[in-house]
**Student:** 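My structure is below; once you've seen it, I'll send some questions.
Every chain is numbered from 1, with letters handed out A, B, ... down the list of sequences.
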Number of protein chains: 2
Amino acid sequence: MMSMINESNTPKLAASDNTSSLSSRVFEELEESILSGRIKPGENLIEMKLSSELGVSRTPVREAIRMLEQKGLVQIIPNKGAVVLGISEKDLADIYTIRMYIEGLASRLAAGNITENQIRELSEIVDLQEYYSSKHSTSQIKDLDSRFHEKIYEYSDNRTLQHTLSDLHHMVQRYRQLSFAAEGRADKAIEEHRQILQALACHDQDAAEKLTIQHISNAKDNLLQIIKIHNLQNNDHKE
Amino acid sequence: MMSMINESNTPKLAASDNTSSLSSRVFEELEESILSGRIKPGENLIEMKLSSELGVSRTPVREAIRMLEQKGLVQIIPNKGAVVLGISEKDLADIYTIRMYIEGLASRLAAGNITENQIRELSEIVDLQEYYSSKHSTSQIKDLDSRFHEKIYEYSDNRTLQHTLSDLHHMVQRYRQLSFAAEGRADKAIEEHRQILQALACHDQDAAEKLTIQHISNAKDNLLQIIKIHNLQNNDHKE
DNA sequence: ACTTGTATGATTGTATACAAGTATTATAAG
DNA sequence: CTTATAATACTTGTATACAATCATACAAGT
């Protein structure tokens, strides 16, 4: 086992952010680890181990694990422990299928509500994306992509939809980064964002919905293809 | 304040069920209280108060509150506490809007996967519903309705969709009960279930999707009407 | 060999203790 | 009387202690 006890007692958690509780930070840390694949599906989360590694007591770790369960990222078996579920490739495809069905709804609703200021905000985000695309900074492009979509969820003025889509979007972030690294995908995606923004600015609900569905569909196709190539390479290496 | 300390020390929680932890039971208890409206939006959840009332320590209460936060039922403000969000009437309408967009997808997928045994299971549920409808047992009808829909989510073989829809369905359970009390709605809903089942049995994906969307749409219309009447009555009483 | 039983260690579940932050009230100054 | 400030009570955050449960290993009996 690689993970040894944190003897130096240095808390691995970002000690700077005092606005949130330890529980939340442990939750975010573990969520990130699971979504990024650092902690793998099937693995057991041992409270003591995690608390030593993170330099906190068991209490916040336990609370974080309970939160992960509600997010569907781990399964807790009473008196036995928590086993990581993570996001499989099937889950990935499934999530994009769901997004194809409801992300268009979010845009449709947003097109009905959006204000001048909100349009400006979205516009700025797309401009920035274009800038980073010219510099090939996939990480920044991904973050701005998140902001663009999250804003639309917010403008839909449907709290549950926002919550649901935000969760789904968050779950696939690891894969999305991969996606933008593909030649040409970033520019294509940004162009699609511009079109969606255009429809939103005109309050054209039908167009906004249709363009968004197409956007997600393209993202899905691109991503599944990337994954397929990725897997082939991995198999080659192994054998 | 009406709530006084549980001096008799009798745990209010179902002590029988030893398969789940206290945290889970407290979570379910609080969730039920929020969804049923016994605990109202805006109210503060005081850990000590709840632990005395439920006859447990603060630990499981805290864990339950963290879980509720992930479900979007409370908002935790660090160092201040948890405030109940609950399900507003707008949320209710919003949730049905979302269901209209993805519950059809679940049926479409289920129609592709469903087995003979699963068809039989659904068939039994609808038969039972018919029986209880003749006896006007709205509570049983509602429970069977839950089982019918949950089964379809399960048969969709899309874990995330199942998880998402299950959450949404669960959130509106309080209102659904109201809905079935309306004259004629139960029989109409059961007839719609039969039609959906028919489509599933034929593996007719298009029909299953279309019928389900219509079913949710009808349920939504019925429910919103009920609520409107309900509100009028309440306002009359008040003034 | 194969089961069964028991002891031991590891891990989770719950309760409690203490620390830190927040709200409330009382008190004093303007 | 109002405002500012200090004291107090209340509530949350975190750590730790103890209890209950589960897994493992080893021994005895069949």
**Student:** Run the side-chain hydrogen bond (donor to acceptor under 3.5 Å, both in side chains) test against B:Q129 and tell me which residues pass, sequence neighbours left out.
**Tutor:** B:H193
**Student:** Which salt bridge (Lys or Arg N to Asp or Glu O under 4.0 Å) pairs, counting each pair once, include a residue from residues 72-86 of chain A, with sequence neighbours left out?
**Tutor:** none
**Student:** Output a table of donor-acceptor pairs, distance under 3.5 Å, between side-chain atoms of residues 165-173 of chain A and any protein atom two or more places apart or on a different chain; print 'none' if there are none.
**Tutor:**
residue: A:S166; atom: OG; partner: A:E150; partner atom: OE1; Å: 3.0
residue: A:S166; atom: OG; partner: A:E150; partner atom: OE2; Å: 3.2
residue: A:H170; atom: ND1; partner: A:E31; partner atom: OE2; Å: 3.2
residue: A:H170; atom: NE2; partner: A:Q173; partner atom: NE2; Å: 3.0

**Student:** Which residues in residues 39-47 of chain A have at least one heavy atom lying under 4.0 Å from any atom of DNA chain C?
**Tutor:** A:L45, A:I46, A:E47
**Student:** Mind listing the N/O atom pairs, protein and nucleotides 17-19 of chain D, below 3.5 Å?
**Tutor:**
none

**Student:** Applying side-chain hydrogen bond (donor to acceptor under 3.5 Å, both in side chains), name anything that partners A:T97, two or more places apart in sequence or on another chain.
**Tutor:** A:K220
**Student:** Suppose we screen for side-chain hydrogen bond (donor to acceptor under 3.5 Å, both in side chains). Which residues come up paired with A:S146, at least two apart in sequence or across chains?
**Tutor:**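 In terms of side-chain hydrogen bond (donor to acceptor under 3.5 Å, both in side chains), with neighbours along the sequence ignored, A:S146 is linked to A:R176.
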**Student:** Considering residues at least two apart in sequence or located in another chain, which fulfil the ring-ring contact (aromatic ring centres under 6.0 Å, His included) criterion with B:Y101?
**Tutor:** none
**Student:** Which of the following nucleotides, D:dT14, C:dA15, D:dC22, is nearest to the side chain of A:L22?
**Tutor:**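 Nucleotide nearest to A:L22's side chain: D:dT14.
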**Student:** Tell me: CG of B:L50 to P of C:dA15, nearest whole Å?
**Tutor:** 14 Å
**Student:** Where each pair must be Watson-Crick or G-U wobble with both distances under 3.5 Å, what dot-bracket representation of DNA chain D is obtained, with crossing pairs in [ ] and other-strand partners as |?
**Tutor:** ||||||||||||||||||||||||||||||
**Student:** Would you list the protein and nucleotides 6-9 of chain C atom pairs, both N or O, that sit under 3.5 Å from each other?
**Tutor:**
none

**Student:** Please list, in numerical order, the residues of residues 59-70 of chain B that have a heavy atom closer than 4.0 Å to any atom of DNA chain C.
**Tutor:**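 B:T59, B:P60 - these, ordered by number, are the residues of the stretch whose heavy atoms sit under 4.0 Å from the strand.
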**Student:** Under the side-chain contact (heavy atoms from CB on, under 4.5 Å) rule, collect the residues that match up with B:R120, sequence neighbours excluded.
**Tutor:**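 side-chain contact (heavy atoms from CB on, under 4.5 Å) check on B:R120 returns B:E116, B:N117.
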